[in-house]
Engineer: 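Please find one structure pasted underneath; my questions will follow.
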Amino acid sequence: MVSRTEHWDAVFSAESDQDLGWYEHDAAQTLKFFKHIKLDAGQQIFLAGAGTSNLVDALFKMGCHLILNDISGQALNRLKNRLGEGDYQTLQQDMSLPLLHVKPVDIWIDRAVLHFLLDESAIEQYFDNVRASLKQDGYVLLAEFAKEGAQKCSGLPVHQYSVEEMQARLGDGFVLIESEDYLFVNPQGHERPYVYALFQRTEL
Ligand SMILES: C[S@@+](CC[C@H](N)C(=O)[O-])C[C@H]1O[C@@H](n2cnc3c(N)ncnc32)[C@H](O)[C@@H]1O
(Lines give C-alpha, C1' and ligand atoms only; values in the text may rest on other atoms or scores of the structure.)
Protein backbone atom coordinates (compact mmCIF):
# COMPACT_ATOMS: atom_id res chain seq x y z
CA MET A 1 0.00 0.00 0.00
CA VAL A 2 1.25 3.47 -0.90
CA SER A 3 1.83 5.68 2.14
CA ARG A 4 0.53 9.25 2.33
CA THR A 5 4.04 10.59 1.86
CA GLU A 6 4.67 8.37 -1.17
CA HIS A 7 1.37 9.43 -2.73
CA TRP A 8 2.15 13.13 -2.41
CA ASP A 9 5.80 12.81 -3.40
CA ALA A 10 4.68 10.98 -6.56
CA VAL A 11 2.16 13.72 -7.35
CA PHE A 12 4.68 16.51 -6.95
CA SER A 13 7.29 14.59 -8.94
CA ALA A 14 4.90 13.98 -11.83
CA GLU A 15 3.13 17.32 -12.22
CA SER A 16 4.21 20.89 -12.78
CA ASP A 17 2.61 23.41 -10.43
CA GLN A 18 0.23 24.73 -13.09
CA ASP A 19 -1.14 21.23 -13.76
CA LEU A 20 -1.97 20.41 -10.14
CA GLY A 21 -5.73 20.08 -9.67
CA TRP A 22 -5.71 22.70 -6.87
CA TYR A 23 -3.34 25.19 -8.53
CA GLU A 24 -4.23 28.85 -8.02
CA HIS A 25 -2.30 31.44 -9.95
CA ASP A 26 -3.56 34.13 -7.61
CA ALA A 27 -3.91 33.70 -3.84
CA ALA A 28 -6.52 36.48 -3.54
CA GLN A 29 -9.30 34.20 -2.29
CA THR A 30 -7.26 33.35 0.80
CA LEU A 31 -5.67 36.77 1.23
CA LYS A 32 -8.98 38.60 1.34
CA PHE A 33 -9.63 37.09 4.80
CA PHE A 34 -6.58 39.00 6.03
CA LYS A 35 -8.65 42.18 6.11
CA HIS A 36 -9.79 40.95 9.54
CA ILE A 37 -6.27 40.39 10.84
CA LYS A 38 -3.91 43.03 12.15
CA LEU A 39 -0.51 41.85 10.97
CA ASP A 40 2.58 42.70 12.95
CA ALA A 41 6.15 42.04 11.93
CA GLY A 42 7.41 38.86 13.46
CA GLN A 43 4.06 37.11 13.61
CA GLN A 44 4.21 33.40 12.96
CA ILE A 45 2.05 31.96 10.20
CA PHE A 46 1.73 28.19 9.98
CA LEU A 47 0.70 26.47 6.75
CA ALA A 48 -0.56 22.97 7.44
CA GLY A 49 0.18 21.64 3.93
CA ALA A 50 1.90 24.38 1.99
CA GLY A 51 2.43 22.33 -1.16
CA THR A 52 3.91 24.64 -3.78
CA SER A 53 1.20 27.25 -3.37
CA ASN A 54 1.67 30.82 -4.61
CA LEU A 55 0.08 31.89 -1.33
CA VAL A 56 3.48 31.27 0.26
CA ASP A 57 5.17 33.89 -1.94
CA ALA A 58 2.44 36.43 -1.14
CA LEU A 59 2.74 35.84 2.62
CA PHE A 60 6.51 35.95 2.37
CA LYS A 61 6.29 39.49 0.99
CA MET A 62 4.07 40.53 3.93
CA GLY A 63 7.03 40.13 6.29
CA CYS A 64 5.73 37.43 8.61
CA HIS A 65 7.70 34.43 9.72
CA LEU A 66 6.38 31.38 7.85
CA ILE A 67 6.35 27.82 9.08
CA LEU A 68 5.81 25.76 5.96
CA ASN A 69 4.70 22.25 6.71
CA ASP A 70 4.00 19.49 4.23
CA ILE A 71 4.01 15.73 4.30
CA SER A 72 5.80 15.76 0.95
CA GLY A 73 9.54 16.38 0.86
CA GLN A 74 9.23 16.84 -2.91
CA ALA A 75 6.81 19.73 -2.45
CA LEU A 76 9.00 21.33 0.21
CA ASN A 77 12.14 21.04 -1.92
CA ARG A 78 10.39 22.68 -4.85
CA LEU A 79 9.12 25.44 -2.60
CA LYS A 80 12.55 26.06 -1.06
CA ASN A 81 14.16 26.23 -4.50
CA ARG A 82 11.60 28.80 -5.55
CA LEU A 83 11.78 30.95 -2.40
CA GLY A 84 15.53 30.91 -1.84
CA GLU A 85 16.71 32.39 1.46
CA GLY A 86 14.24 34.10 3.76
CA ASP A 87 12.33 34.26 7.01
CA TYR A 88 10.77 30.82 6.93
CA GLN A 89 11.30 27.31 8.13
CA THR A 90 10.07 24.03 6.71
CA LEU A 91 8.67 21.04 8.53
CA GLN A 92 7.73 17.64 7.15
CA GLN A 93 5.03 16.36 9.47
CA ASP A 94 1.84 14.41 9.00
CA MET A 95 -1.00 16.55 10.33
CA SER A 96 -2.83 13.47 11.56
CA LEU A 97 -0.06 12.93 14.13
CA PRO A 98 0.91 15.09 17.12
CA LEU A 99 2.65 18.20 15.84
CA LEU A 100 6.20 18.48 17.16
CA HIS A 101 8.69 21.35 17.37
CA VAL A 102 6.23 24.14 16.63
CA LYS A 103 6.31 27.30 18.74
CA PRO A 104 2.94 28.99 19.33
CA VAL A 105 1.64 30.51 16.10
CA ASP A 106 -0.51 33.58 15.36
CA ILE A 107 -2.21 32.35 12.20
CA TRP A 108 -2.94 28.81 11.02
CA ILE A 109 -3.85 28.36 7.34
CA ASP A 110 -5.10 25.20 5.71
CA ARG A 111 -6.25 25.05 2.11
CA ALA A 112 -7.18 21.54 1.01
CA VAL A 113 -5.20 19.55 3.60
CA LEU A 114 -7.58 18.73 6.46
CA HIS A 115 -10.15 17.27 4.08
CA PHE A 116 -7.83 14.33 3.31
CA LEU A 117 -8.05 13.09 6.90
CA LEU A 118 -10.80 10.49 7.09
CA ASP A 119 -10.41 8.55 10.33
CA GLU A 120 -12.06 10.15 13.32
CA SER A 121 -8.86 9.78 15.34
CA ALA A 122 -6.85 11.57 12.62
CA ILE A 123 -9.35 14.44 12.44
CA GLU A 124 -9.38 14.78 16.22
CA GLN A 125 -5.60 14.85 16.30
CA TYR A 126 -5.57 17.57 13.64
CA PHE A 127 -7.83 19.78 15.75
CA ASP A 128 -5.78 18.94 18.87
CA ASN A 129 -2.77 20.23 16.92
CA VAL A 130 -4.58 23.49 16.14
CA ARG A 131 -5.51 23.97 19.81
CA ALA A 132 -1.99 23.08 20.98
CA SER A 133 -0.31 25.52 18.59
CA LEU A 134 -2.51 28.57 18.18
CA LYS A 135 -2.02 31.57 20.49
CA GLN A 136 -4.82 33.34 22.33
CA ASP A 137 -6.42 35.82 19.85
CA GLY A 138 -4.81 33.92 16.96
CA TYR A 139 -6.66 33.01 13.76
CA VAL A 140 -7.35 29.79 11.91
CA LEU A 141 -8.42 29.85 8.27
CA LEU A 142 -9.77 26.58 6.92
CA ALA A 143 -10.58 26.10 3.22
CA GLU A 144 -11.90 22.61 2.48
CA PHE A 145 -14.16 20.84 0.02
CA ALA A 146 -17.76 21.74 0.79
CA LYS A 147 -20.62 19.36 1.53
CA GLU A 148 -22.02 19.43 -1.99
CA GLY A 149 -18.55 19.38 -3.56
CA ALA A 150 -16.34 16.77 -5.16
CA GLN A 151 -15.78 13.55 -3.25
CA LYS A 152 -12.18 13.11 -4.32
CA CYS A 153 -9.11 15.31 -4.62
CA SER A 154 -5.82 14.12 -6.10
CA GLY A 155 -7.49 10.71 -6.52
CA LEU A 156 -8.06 10.40 -2.76
CA PRO A 157 -11.45 10.38 -0.98
CA VAL A 158 -12.15 13.47 1.09
CA HIS A 159 -14.19 14.41 4.14
CA GLN A 160 -16.45 17.29 3.10
CA TYR A 161 -16.94 20.17 5.54
CA SER A 162 -19.53 22.68 6.60
CA VAL A 163 -18.79 25.77 8.70
CA GLU A 164 -20.85 24.21 11.48
CA GLU A 165 -18.66 21.12 11.58
CA MET A 166 -15.49 23.22 11.60
CA GLN A 167 -16.88 25.26 14.50
CA ALA A 168 -17.95 22.18 16.44
CA ARG A 169 -14.58 20.51 16.00
CA LEU A 170 -12.62 23.63 17.01
CA GLY A 171 -14.75 24.09 20.10
CA ASP A 172 -16.14 26.96 22.14
CA GLY A 173 -12.90 28.91 22.41
CA PHE A 174 -13.11 29.83 18.71
CA VAL A 175 -15.40 32.47 17.21
CA LEU A 176 -16.39 32.54 13.55
CA ILE A 177 -15.28 35.82 11.96
CA GLU A 178 -16.26 35.22 8.33
CA SER A 179 -17.13 32.32 6.08
CA GLU A 180 -17.77 31.98 2.37
CA ASP A 181 -18.85 29.31 -0.08
CA TYR A 182 -16.40 29.60 -2.92
CA LEU A 183 -16.50 27.93 -6.31
CA PHE A 184 -12.97 27.16 -7.43
CA VAL A 185 -12.55 26.13 -11.06
CA ASN A 186 -9.40 24.08 -11.33
CA PRO A 187 -6.84 24.17 -14.18
CA GLN A 188 -8.63 21.23 -15.83
CA GLY A 189 -11.87 23.27 -15.89
CA HIS A 190 -13.65 21.27 -13.17
CA GLU A 191 -15.74 23.00 -10.54
CA ARG A 192 -14.58 22.45 -6.96
CA PRO A 193 -16.87 24.03 -4.35
CA TYR A 194 -14.95 24.99 -1.22
CA VAL A 195 -16.03 26.36 2.12
CA TYR A 196 -13.72 29.01 3.60
CA ALA A 197 -14.00 29.95 7.26
CA LEU A 198 -11.91 32.25 9.42
CA PHE A 199 -12.09 31.75 13.20
CA GLN A 200 -10.45 33.67 16.01
CA ARG A 201 -9.35 32.01 19.22
CA THR A 202 -10.89 33.91 22.09
CA GLU A 203 -10.07 31.46 24.91
CA LEU A 204 -7.13 29.20 25.55
C1 LIG B 1 -4.47 19.63 -2.42
S2 LIG B 1 -2.85 20.01 -1.94
C3 LIG B 1 -3.01 21.71 -1.41
C4 LIG B 1 -1.67 22.40 -1.33
C5 LIG B 1 -1.75 23.89 -0.93
N6 LIG B 1 -2.37 24.04 0.37
C7 LIG B 1 -2.48 24.69 -1.97
O8 LIG B 1 -3.55 25.21 -1.68
O9 LIG B 1 -1.94 24.79 -3.09
C10 LIG B 1 -2.70 19.15 -0.39
C11 LIG B 1 -1.35 19.35 0.26
O12 LIG B 1 -1.39 18.80 1.57
C13 LIG B 1 -0.28 17.94 1.76
N14 LIG B 1 -0.75 16.90 2.69
C15 LIG B 1 -1.64 15.92 2.44
N16 LIG B 1 -1.88 15.19 3.54
C17 LIG B 1 -1.12 15.74 4.52
C18 LIG B 1 -0.92 15.43 5.89
N19 LIG B 1 -1.57 14.40 6.48
N20 LIG B 1 -0.07 16.19 6.61
C21 LIG B 1 0.57 17.24 6.03
N22 LIG B 1 0.44 17.57 4.72
C23 LIG B 1 -0.40 16.82 3.98
C24 LIG B 1 0.09 17.45 0.37
O25 LIG B 1 1.41 17.02 0.26
C26 LIG B 1 -0.23 18.67 -0.48
O27 LIG B 1 0.87 19.55 -0.55
Side-chain angles (χ1 to χ4, degrees), residues 1-33 45-60 66-83 88-102 105 107-130 133 140-146 149-161 182 184-188 190 192-196:
M1 195 176 128
V2 176
S3 72
R4 282 191 180 122
T5 306
E6 287 166 341
H7 170 86
W8 289 104
D9 276 345
V11 168
F12 283 105
S13 298
E15 307 275 359
S16 66
D17 288 350
Q18 290 79 1
D19 292 329
L20 295 168
W22 50 91
Y23 173 77
E24 278 186 314
H25 175 67
D26 184 347
Q29 172 59 24
T30 297
L31 291 174
K32 72 182 187 189
F33 287 86
I45 302 184
F46 178 81
L47 274 76
T52 54
S53 168
N54 288 334
L55 172 65
V56 174
D57 307 60
L59 295 173
F60 201 34
L66 302 183
I67 305 164
L68 305 172
N69 182 67
D70 205 283
I71 202 168
S72 164
Q74 290 287 342
L76 291 172
N77 285 340
R78 208 144 101 191
L79 199 52
K80 282 189 277 191
N81 287 337
R82 192 172 87 211
L83 294 174
Y88 69 89
Q89 66 190 85
T90 57
L91 280 181
Q92 190 179 355
Q93 295 197 23
D94 182 336
M95 294 305 305
S96 68
L97 301 175
L99 189 54
L100 306 173
H101 314 304
V102 174
V105 301
I107 304 169
W108 176 293
I109 301 177
D110 178 322
R111 175 177 180 264
V113 188
L114 165 65
H115 66 205
F116 291 108
L117 304 184
L118 303 179
D119 294 348
E120 188 56 30
S121 59
I123 298 172
E124 282 178 13
Q125 182 61 61
Y126 178 97
F127 283 95
D128 284 348
N129 288 337
V130 175
S133 311
V140 53
L141 177 61
L142 301 176
E144 315 301 334
F145 275 13
Q151 295 181 352
K152 284 193 169 187
C153 180
S154 187
L156 299 175
V158 300
H159 179 115
Q160 300 166 319
Y161 278 86
Y182 173 69
F184 171 64
V185 180
N186 77 8
Q188 292 74 33
H190 301 130
R192 295 288 182 259
Y194 275 73
V195 55
Y196 277 69

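Counting starts at 1 for both ligands and their atoms, following the listed order. Residues: numbered from 1 along the sequence shown.
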Engineer: Mind checking whether Phe12 has a heavy atom under 4.0 Å from ligand 1?
Structural biologist: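 Under 4.0 Å: yes for Phe12.
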Engineer: Nearest to atom 9 (O) of ligand 1, what protein heavy atom do you find, and at what distance?
Structural biologist: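 That would be Trp22 CD1, 3.2 Å.
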Engineer: Has Gln93 got any heavy atom lying under 4.0 angstrom from an atom of ligand 1?
Structural biologist: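 Distance cut 4.0 Å: Gln93 passes for ligand 1.
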Engineer: State whether the side chain of Asp57 and the backbone N or O of Leu83 hold a donor-acceptor pair below 3.5 Å, judged by distance alone.
Structural biologist: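 Pair absent, no side-chain N/O of Asp57 close to backbone of Leu83.
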Engineer: Mind checking whether Ala75 contacts ligand 1 via backbone (N, CA, C, O), side chain (CB onward), both or neither, at a 4.0 Å heavy-atom cut-off?
Structural biologist: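 Within the 4.0 Å criterion, Ala75 makes no contact with ligand 1.
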Engineer: Does CD in Gln18 sit with more than 12 non-hydrogen atoms of other residues, nucleotides or ligands closer than 6.0 Å?
Structural biologist: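 More than 12 heavy atoms, drawn from other residues, nucleotides or ligands, come within 6.0 Å of this atom.
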Engineer: Can a donor-acceptor pair be found, under 3.5 Å and without considering hydrogens, that links the side chain of Arg78 to the backbone of Phe12?
Structural biologist: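 Yes.
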Engineer: Tell me whether Gln160 contacts the main-chain N or O of Ala150 through its side chain, where contact means a donor paired with an acceptor under 3.5 Å.
Structural biologist: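 Yes: the side chain of Gln160 pairs with the backbone of Ala150.
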Engineer: Would you mind finding which of Ala143, Ser72, Gly49 brings a heavy atom closest to atom 6 (N) of ligand 1?
Structural biologist: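 When every heavy atom of Ala143, Ser72, Gly49 is considered, Gly49 comes closest to atom 6 (N) of ligand 1.
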Engineer: Could you tell me, atom by atom, which parts of ligand 1 come under 4.0 Å of a heavy atom of Ala50?
Structural biologist: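 The list of qualifying atoms is 5 (C).
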Engineer: How close does the nearest protein non-hydrogen atom get to atom 14 (N) of ligand 1, and which residue and atom is it?
Structural biologist: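 Checking every protein heavy atom, the shortest distance to atom 14 (N) of ligand 1 gives Ile71 CG2, 3.7 Å.
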Engineer: Could you tell me whether a side-chain N or O of Glu144 sits under 3.5 Å from a main-chain N or O of His115, the two making a donor and an acceptor?
Structural biologist: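 Checked: pair present.
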Engineer: Short question: side chain of Arg82, backbone of Thr52 - any donor-acceptor pair under 3.5 Å?
Structural biologist: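 Yes.
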Engineer: What do you reckon, does Ala122 put a non-hydrogen atom under 4.0 Å from ligand 1?
Structural biologist: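 No; Ala122 lies far enough from ligand 1 that no heavy-atom distance drops under 4.0 Å.
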Engineer: Just which atoms of ligand 1 are under 4.0 Å from any heavy atom in Ala48?
Structural biologist: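 Those of ligand 1 that fall under 4.0 Å from Ala48 are 21 (C), 22 (N).
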Engineer: Applying a heavy-atom cut-off of 4.0 Å, say which part of Ser154 lies close to ligand 1: side chain, backbone, both or neither.
Structural biologist: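 Contact part for Ser154 vs ligand 1: neither.
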Engineer: Step by step, would you call Phe145 with Tyr161 a ring pair (Phe, Tyr, Trp, His ring centres under 6.0 Å)?
Structural biologist: CA-CA 6 Å; Phe145 275 13; Tyr161 278 86; over 10 Å; no
Engineer: Identify the protein heavy atom lying closest to atom 19 (N) of ligand 1, giving its residue, its atom name and the separation to 0.1 Å.
Structural biologist: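 Protein heavy atom at minimum distance: Asp94 OD1, 2.9 Å.
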Engineer: Would you call the rings of Tyr196 and Tyr182 parallel, tilted or perpendicular if under 30° counts as parallel and over 60° as perpendicular?
Structural biologist: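 Plane angle over 60°, so perpendicular.
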Engineer: Which residue supplies the protein heavy atom nearest to atom 26 (C) of ligand 1, what is that atom called, and how far is it?
Structural biologist: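 Going by distance alone, atom 26 (C) of ligand 1 is nearest to Asp70 OD2, 3.6 Å.
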Engineer: List every atom of ligand 1 that sits less than 4.0 Å from any heavy atom of Gly51, numbering the atoms from 1 in the order shown and giving each element.
Structural biologist: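 Selected atoms, number and element: 27 (O).
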Engineer: Decide whether the shortest distance between a heavy atom of Gly21 and an atom of ligand 1 is less than 4.0 Å.
Structural biologist: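 The answer is no, since Gly21 has no heavy atom less than 4.0 Å from ligand 1.
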Engineer: Would Ser72 and Asp70 count as a side chain to side chain donor-acceptor pair (under 3.5 Å) if you check the C-alpha gap in whole Å, the side-chain angles of each, and the deciding distance to 0.1 Å?
Structural biologist: CA-CA 5 Å; Ser72 164; Asp70 205 283; 4.5 Å; no
Engineer: To check your reading of the model: name the closest protein heavy atom to atom 20 (N) of ligand 1, its residue, and the distance in Å.
Structural biologist: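 In this structure, atom 20 (N) of ligand 1 has Met95 N, 2.9 Å as its nearest protein heavy atom.
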Engineer: Any nitrogen or oxygen of Leu117 lying under 3.5 Å from a nitrogen or oxygen in ligand 1? Just yes or no.
Structural biologist: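 It does not: no N or O of Leu117 is found under 3.5 Å from an N or O of ligand 1.
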Engineer: Can you tell me which residue and heavy atom of the protein come closest to atom 16 (N) of ligand 1, and the distance to 0.1 Å?
Structural biologist: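 Of every protein heavy atom, Trp8 NE1, 3.7 Å lies nearest to atom 16 (N) of ligand 1.
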Engineer: Using modelled atom types only, decide if a donor and an acceptor are shared between the side chain of His7 and the backbone of Ser154 within a distance under 3.5 Å.
Structural biologist: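 Here the side-chain-to-backbone pair exists.
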Engineer: Closest non-hydrogen protein atom to atom 7 (C) of ligand 1, residue and atom name please, with distance?
Structural biologist: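 Of the protein heavy atoms, Arg111 NH1, 3.4 Å lies nearest.
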Engineer: So does Ala27 get a backbone contact from the side chain of Asn54, meaning a donor-acceptor N/O pair under 3.5 Å?
Structural biologist: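 Flag not set: sc Asn54 to bb Ala27 has no pair under 3.5 Å.
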Engineer: With a 3.5 Å distance limit and no angle check, can you tell me whether Asp17 reaches the backbone of Tyr23 through a side-chain donor-acceptor pair?
Structural biologist: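 It does not hold such a pair.
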Engineer: Which heavy atom of the protein is the closest neighbour of atom 10 (C) of ligand 1, given with residue, atom name and distance?
Structural biologist: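 Of every protein heavy atom, Ala112 O, 3.1 Å lies nearest to atom 10 (C) of ligand 1.
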